[in-house]
Amino acid sequence: MERLWDSTFGDELHAYPESSSTGGTTTNGLSVLLAEPPGTSSAARERAAQIMFETFKAPALCFFNSAPLALFASGRTRGIVLECGAGVSHAVPIFEGFALAHAVQRAERAGADVTAALAADLEERGIRLDMRTSRDVKERLCGVRSLLETPSTSETPDLEYELPDGSMIKIAGDCQHDAPEVLFAGGDVERAPLPDLVAQSIGMCDRDLQTDLRGAVVLAGGTTMLPGFCNRMKEALVKASPAETTVRVIPNPSGTAERGYNSQRKHASWIGDADAAVATQSSLPPPVETADRRQLCEEMVQSGYVQSYVDFFYLTHRPDPNVAEKEIEVPPDEMVFLRDNLTRAETARRKGETEAVYESYSNVAGYFQHRGGDPKTGVYFYEKCLEIARLTGDFRGEMRANHDLGKASSLAGDVGAATKYHERQLEIARGLDESDETLEALRDLIDAYRAAAEEREAANDSEGAVRLRERCLEVARETGDAASEARAALALGTALRDDASEAIRVLELAEAACRNLDDARIEGKTCDALGAAWRSEGDDDRALEYLDRSLDLAVKTQDLHAQAAACRTLGVLHVERGDYDRGIDLFKRSFDLAENLQARGQADAHNLVDCARVHLRIATAMKTDPRLRTADDVPALLNNGSTSEIEEFLASKDIIIEAPDSSCT
Ligand SMILES: Nc1ncnc2c1ncn2[C@@H]1O[C@H](COP(=O)(O)OP(=O)(O)OP(=O)(O)O)[C@@H](O)[C@H]1O
């Protein structure tokens, strides 16, 4: 191969890199675009790259899969290419420029087999030819039978062929058509008949895509130049396809529609290659400060970026989601940003560079998600990334797209969709057996379940919330992270308001997880929740134990809010147990803390102050007025009564008692 390239650069292109005799410097060679057959090994690619860079001093090198290039040459980006050259044949399904690697089929059956079959046939008839001459006979005289013909019905005349020495030989009619049959006859798995190769490959693709693939079966490679080849492929594929499906073979065996391609298919991938190289080299005009929509749209259409133009036009001509009856205003630099990314994605798609397409679309998605304040459009572009990854069987890409879609959906307020995307992300990460990615997916899923549970809680669907909190705990456990587990168990325990014993079981798990942590804040909240749960179970001693611990931990973390809340809960408990002095002390403390928070400008401090004030009043009233101690509604008021309800209650009992601390009046 190196010799061939040497001759190409030196003899044909006269572009051999030259070493200067004086300075030891070398002039650069040409940038190279290499078309490679499907399934080329990375070792072969590395070797080619080494030769190109080291021997031919290529400043840039790009590898292209030859099948998509052949498809481009026929003017399409979606279809299935049957490449049949000298030694091997491939069926390669392609979606929007991407070869669908999982469905590529290969057979060790191609032009050289036809040549060998012809040589053997002629030898049996007493004509012995070398392979080179046999190949020439094949290319000039052979053809493929229609399925409607048989050797006995075909009436092909014998033809004459002039050998290099000038003598003439006669090639019988049946001999001209028998040899190409090796391409269509049954064989083992490695040597499947060519129509079967195409049918199998189509069958391995997504059902939604199969109709499109049958509608564009593009033939490429020298062997497909055999007369009758296209017709036979079409007949065999129609036979193998479900009834009523349209099969279109390109070039069209009977029509004139694909005439340009018909004469080019021997060099189809070279032609596609040349188109792609020109597209890659031609760049759009540089960004313009004063770019306007119309100018950018025109430039895109003129440069052949039709899909980019369609997307760009939509994105820059939409109604503003925030202002009624007004079109969205996109600043010039952002229009240039959109144009650049859309056109880059389109170029990369033509070249089959999944990563680059993904990157450009996710740039656009990220722009809408974060800067544009329009996460729904972000979701639209991430979905494009997901589609590409799925169709190319790129699991890593699919995992990343699900991650991005989960984040964008949650920003767009669709927590249900976010949960589904992150669940799929986790499924793929597990399938790939990637520990870092699995951990990331687990964490994403924890966030998603938490957000979904909060949404359910806001809608008063406590059962739904509990189910989501349970899943959150399961996933948190899998992370092996004690903090995540403690937080998830705490949230579930708190959500299990209607089932105190189950809440205690779960909260004790949180407590156990807290022991491995040095996080007094979570531990304090867990103790607070356990105190409340034990109270519901009627075990006030244990409740007191946990609530005291919760207050100590709130003091330790200097969390004034938590201290005020703990003092109030403890105060209520002590008052209920008849210890009014202790209760009053705790309500006073709660009141002072709330005032302190109010002085610091904390948002809800005003309510805390009011709440502490009425609790203090009712406790003081109960201490001095025995009538209140037996009133049925007092416990409920103490525990859940709003400030105004308690005020109303005190007024109804004609109790106007000054709070012991003047600051509380
Ligand atoms: N007009 C023709 N009619 C029939 N066969 C032809 C014709 N032109 C070329 N071929 C055959 O096509 C084959 C070469 O095709 P092509 O150049 O596409 O293959 P290649 O890329 O060299 O091979 P491979 O893909 O197996 O590496 C040879 O077997 C040749 O005999």
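Residue numbers count from 1 along this sequence. Numbering of ligands and ligand atoms starts at 1, following listing order.
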Going by distance alone, is a donor N or O of one side chain under 3.5 Å from an acceptor N or O of the other, for Thr156 and Gln176? no

Less than 6.0 Å separating the ring centroids of Phe184 and Phe229? yes

Short side-chain donor-acceptor distance under 3.5 Å, Thr347 and Tyr305: yes

Any heavy atom of Lys138 under 4.0 Å from ligand 1? The part involved is side chain

Keeping the roles fixed (side chain from Asp6, backbone from Glu2), state whether a donor-acceptor pair exists under 3.5 Å. no

Can a donor-acceptor pair be found between the side chains of Gln210 and Arg207 at a distance below 3.5 Å? no

Minimum distance, heavy atoms only, to atom 26 (O) of ligand 1: which one of Gly222, Ser66, Gly87, Gly143 is it? Gly87

Could you tell me whether some N/O pair between Cys84 and ligand 1 is separated by less than 3.5 angstrom? no

Can you sort out the partners of Tyr358 under ring pair (Phe, Tyr, Trp, His ring centres under 6.0 Å), two or more places apart, ordered by chain and number? none

The option among Arg140, His90, Glu139, Glu108 carrying the non-hydrogen atom nearest to atom 30 (C) of ligand 1 is Glu139

Should Thr115 be counted as touching ligand 1, given the test is an N or O pair under 3.5 Å? no

Under 3.5 Å, N or O to N or O, is Gly111 touching ligand 1 that way? no

So if I count the atoms of ligand 1 from 1 in the order they appear, which ones are less than 4.0 Å from some heavy atom of Val88? 26 (O)

Distance filter under 4.0 Å to Gly221 heavy atoms, resulting ligand 1 atoms: 18 (O)

